[in-house]
Amino acid sequence: MIEPRVLSGFRDFLPREMMQRQSLMETARRVYQSFGFAPIDTPTLEYLDILLGKGSAETDRQMYHFIDNGGRPVGMRFDLTVPLARYVAQHINQLGTPFKRYHIAPVWRGERQQRGRYREFVQCDFDTIGTRSLMADLEMILVINELLMALGFQRFCIRINHRKLLNGMLAQKGLEQHSVGVLRAIDKLGKPGIDVLAELIQVGLPESVARDILQLGQQQGDPAGVLELAERCVGDHPVGREGVADLRELLKSAVAAGVPAERLVLDISIARGLDYYTGTIVETQLLDLPEIGSVCSGGRYDNLAGLYTKQDLPGVGASLGLDRLLAAMEELGLVADQSSPAQILLAFFEPQLQLEYLRLARQLRSVGLNVEFYPEPAKLKKQLKYADQRKIPAVILIGSQEWEQQQAAVKWLDREVQNTVPLTADGRSICDYFQQAFLSTKS
RNA sequence: GUGGGUGUAGCUCAGUUGGUUAGAGCGCCAGAUUGUGAUUCUGGAUGUCGGGGGUUCGAGUCCCCUCUCCCACCCCA
């Protein structure tokens, strides 16, 4: 016998988890579409040269790739942004700009699995291509805020940074060649037992600059204070000033557009990330489970499509990490326990009424209700237990007594009530009854 | 990819310095007179003790290898 198992970092989903995933995806779709983002899809496999060298050496190393049966080097997509760049470069003439799309699909990364980190996971991306307007950056923040709220979260924060801030600061001192090392060091700010200052100096920064950066990083709570300090640090360097001005504008408009100010955190330590980001950078953290990492990240990349076309196609967008979010919700006890999409179980009571049951089930389904007919005339106890275990809320019981009186007993398992509903040939009354019942439980 | 830890019934775990037929709770299944779940009572099934090799008269308990998951690094959703 072959032992049934799945690859490390890959997972099966039970109905309960899958229903939750679908509901999260549906919410993301709804929110994205409410801002006018259009759905697209791209192949899971791309020519390897399309995918390589777009993120960093590290992302290349983590990519799944192989030679296909025709001898072509192909890769499995590592994220949805690089395929998007290829996609717009190829189709921008038909799409027109600005082009707003969303894309919900799995991606693959060959890295070691940890909690909330898998080798196959679904990203829910949304991006705006073809405009440099800061309005698009702002919209990214607004979408993230709406999205998290629609998913049922109140306690989260959106950490915002700008690539030009640190770059400008370093350039001002002629230290831009150290930016990678600085980012790596600064990223460790929250972690215990690490002397970030020492690391910064070791990277090659003069102590005074290192102190400034450290101070900037430690003030992440208060946007106004950080901005003021940042302004001093970047001096009169044009790139740095641009970063400061963008951030100031972004924060102001986000609050004006309705994002609670306490959710917006300026944090220069999130300046790491994929190499293609050039401006605004955001990460989203759940305050009740910060250690699981960002559940929604993104930023502005002004030169991504430039690898595939001479057209100037700047972009800005972010990605919700569906599987990481689900892992967080699981841990926080926020996952619904229903494991069946059925709203109603029609009990199989009397074998001679079989055809009547089938007709009733069809009538109920025709008005949009999810109805499951138990496949065999088992003991009532067993059928009720079946519904209870799957959290199917209602059970219809029609035995010979009910049938003679042309009525149905409706038992609600989540409450302790059992109603009697009249049966008619067209099923109208019982359909109305359930539509009414499910309408009121939803609101 | 590197380093550390972990792995006993579906789940959470117990299992004395290696010694006979490996346990608990929960869950699951079946019953408690004929048509009612989640509560109660009674009974029942379940594990090649992650897998492979070794040491030993004898290993769930010791050693090696491998896989898994967790944690850290790296990186990131």
Side-chain angles (χ1 to χ4, degrees), chain A residues 1-11 14 24 28 55-63 77-81 104-125 144 147 180 183-184 187-188 191-194 270 272-275 277 281-286 291-299 317-328 331 337 345 347-350 353 374 377-403 409-418:
Chain A
M1 219 149 57
I2 299 167
E3 189 192 348
R5 55 186 187 147
V6 297
L7 260 15
S8 173
F10 291 75
R11 295 156 304 149
L14 298 180
L24 295 181
S56 63
E58 182 61 25
T59 64
D60 288 356
R61 200 172 64 75
Q62 292 185 356
M63 185 149 32
R77 62 178 170 227
F78 175 91
D79 66 10
L80 300 177
T81 305
I104 299 176
V107 303
W108 293 270
R109 297 183 188 179
E111 61 181 341
R112 184 84 92 202
Q113 156 159 353
Q114 266 180 55
R115 180 181 59 161
R117 303 179 60 167
Y118 311 101
R119 290 183 165 178
E120 176 179 59
F121 59 96
V122 168
Q123 291 196 319
C124 309
D125 273 38
I144 292 175
L147 182 56
V180 172
L183 290 178
R184 189 159 300 157
D187 178 44
K188 296 176 181 161
K191 307 195 174 175
I194 292 174
I270 65 157
R272 73 232 170 87
L274 298 166
D275 290 355
Y277 290 127
I281 296 177
V282 298
E283 286 193 1
T284 310
Q285 198 173 31
L286 300 178
E291 66 275 15
I292 204 158
S294 171
V295 295
C296 189
S297 311
S319 178
L320 174 75
L322 189 92
D323 292 288
R324 176 172 293 182
L325 186 73
L326 189 72
E331 191 151 334
D337 56 0
L345 178 73
F348 196 160
F349 218 138
E350 297 287 348
L353 289 176
Y374 199 85
K379 284 189 175 174
L380 203 50
K381 184 185 176 107
K382 190 171 179 185
Q383 299 190 46
L384 284 165
K385 194 165 184 177
Y386 175 86
D388 184 50
Q389 284 171 326
R390 289 161 183 75
K391 294 288 175 288
I392 299 173
V395 179
I396 299 178
L397 303 168
I398 304 172
S400 48
Q401 284 172 37
E402 285 81 4
W403 183 250
V410 175
K411 185 176 176 73
W412 292 93
L413 298 187
D414 48 351
R415 299 153 242 169
E416 283 182 22
V417 289
Q418 183 160 324

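In what follows, chains are A, B, ... by sequence order, proteins preceding strands, each numbered from 1. These numbers were taken from a predicted model, which means no experiment stands behind them.
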Discussion item. Stacking between A:F349 and B:G35, defined as ring centres under 5.5 angstrom apart with planes under 30°, is that present or not?
Written reply: no
Looking at [X] and [N], is any side-chain donor or acceptor paired with a base atom of the opposite kind under 3.5 Å?
{"X": "A:E111", "N": "B:A77", "value": "yes"}
{"X": "A:K381", "N": "B:U36", "value": "no"}
{"X": "A:Q401", "N": "B:G35", "value": "yes"}
{"X": "A:R115", "N": "B:C71", "value": "no"}

Distance, rounded to the nearest Å, where [X] contributes [atom1] and [N] contributes [atom2]:
{"X": "A:R109", "N": "B:G1", "atom1": "CZ", "atom2": "P", "answer": "17 Å"}
{"X": "A:K391", "N": "B:G37", "atom1": "NZ", "atom2": "P", "answer": "15 Å"}
{"X": "A:E283", "N": "B:C75", "atom1": "CD", "atom2": "P", "answer": "13 Å"}
{"X": "A:Q62", "N": "B:U2", "atom1": "CD", "atom2": "P", "answer": "14 Å"}
{"X": "A:E416", "N": "B:U36", "atom1": "CD", "atom2": "P", "answer": "16 Å"}
{"X": "A:D79", "N": "B:A77", "atom1": "CG", "atom2": "P", "answer": "8 Å"}
{"X": "A:L380", "N": "B:U36", "atom1": "CG", "atom2": "C1'", "answer": "5 Å"}
{"X": "A:I270", "N": "B:A77", "atom1": "CD1", "atom2": "P", "answer": "11 Å"}

With a 4.0 Å cutoff (strictly under), does any side-chain N or O of [X] reach OP1 or OP2 of [N]?
{"X": "A:S8", "N": "B:C69", "answer": "yes"}
{"X": "A:K379", "N": "B:G31", "answer": "yes"}
{"X": "A:Q113", "N": "B:C69", "answer": "yes"}
{"X": "A:K411", "N": "B:G35", "answer": "no"}

Given the [atom1] atoms of [N] and [M], what is the spacing between them in whole Å?
{"N": "B:A38", "M": "B:G1", "atom1": "P", "result": "48 Å"}
{"N": "B:U17", "M": "B:G10", "atom1": "C1'", "result": "34 Å"}
{"N": "B:U6", "M": "B:C71", "atom1": "P", "result": "15 Å"}
{"N": "B:U21", "M": "B:A32", "atom1": "P", "result": "38 Å"}
{"N": "B:C75", "M": "B:G50", "atom1": "P", "result": "36 Å"}
{"N": "B:C73", "M": "B:U8", "atom1": "C1'", "result": "31 Å"}
{"N": "B:C49", "M": "B:C13", "atom1": "C1'", "result": "13 Å"}

Closest to side chain of [X], choosing from [options]:
{"X": "A:Q114", "options": "B:G1, B:C74, B:C29", "answer": "B:C74"}
{"X": "A:Q418", "options": "B:G35, B:U36, B:C75", "answer": "B:U36"}
{"X": "A:R112", "options": "B:G1, B:C75, B:A77", "answer": "B:G1"}
{"X": "A:R324", "options": "B:G35, B:A38, B:A77", "answer": "B:A77"}
{"X": "A:Q123", "options": "B:A77, B:A72, B:U36", "answer": "B:A77"}

To the nearest 0.5 Å, atom OG1 of A:T81 lies from atom OH of A:Y277 at 5.5 Å
One should read off an interatomic distance between A:R77 CZ and A:Q123 CD, to the nearest 0.5 angstrom, of 9.5 Å
When we call it a touch if two heavy atoms are under 4.0 Å apart, what does [X] touch: a base, just sugar-phosphate, or nothing?
{"X": "A:Y386", "result": "nothing"}
{"X": "A:L397", "result": "base"}
{"X": "A:G110", "result": "nothing"}
{"X": "A:E350", "result": "nothing"}
{"X": "A:C296", "result": "sugar-phosphate"}

Check: [Y] main-chain N/O paired with [X] side-chain donor or acceptor under 3.5 Å:
{"X": "A:R119", "Y": "A:F10", "value": "no"}
{"X": "A:D125", "Y": "A:S319", "value": "no"}
{"X": "A:T284", "Y": "A:S294", "value": "no"}
{"X": "A:Q383", "Y": "A:F348", "value": "yes"}

Heavy-atom nearest nucleotide on RNA chain B taken for A:V122 and for A:G9; more 5' hit belongs to A:G9
RNA chain B nearest-nucleotide lookup for A:V6 and A:S294: closer to the 5′ end is A:V6
- Show the numbers, then the answer: is there a side-chain contact (heavy atoms from CB on, under 4.5 Å) between A:W403 and A:E350? CA-CA 10 Å; A:W403 183 250; A:E350 297 287 348; over 6 Å; no
Across every strand shown, the nucleotide meeting Watson-Crick or G-U wobble geometry with B:G1 (both distances under 3.5 Å) is B:C73
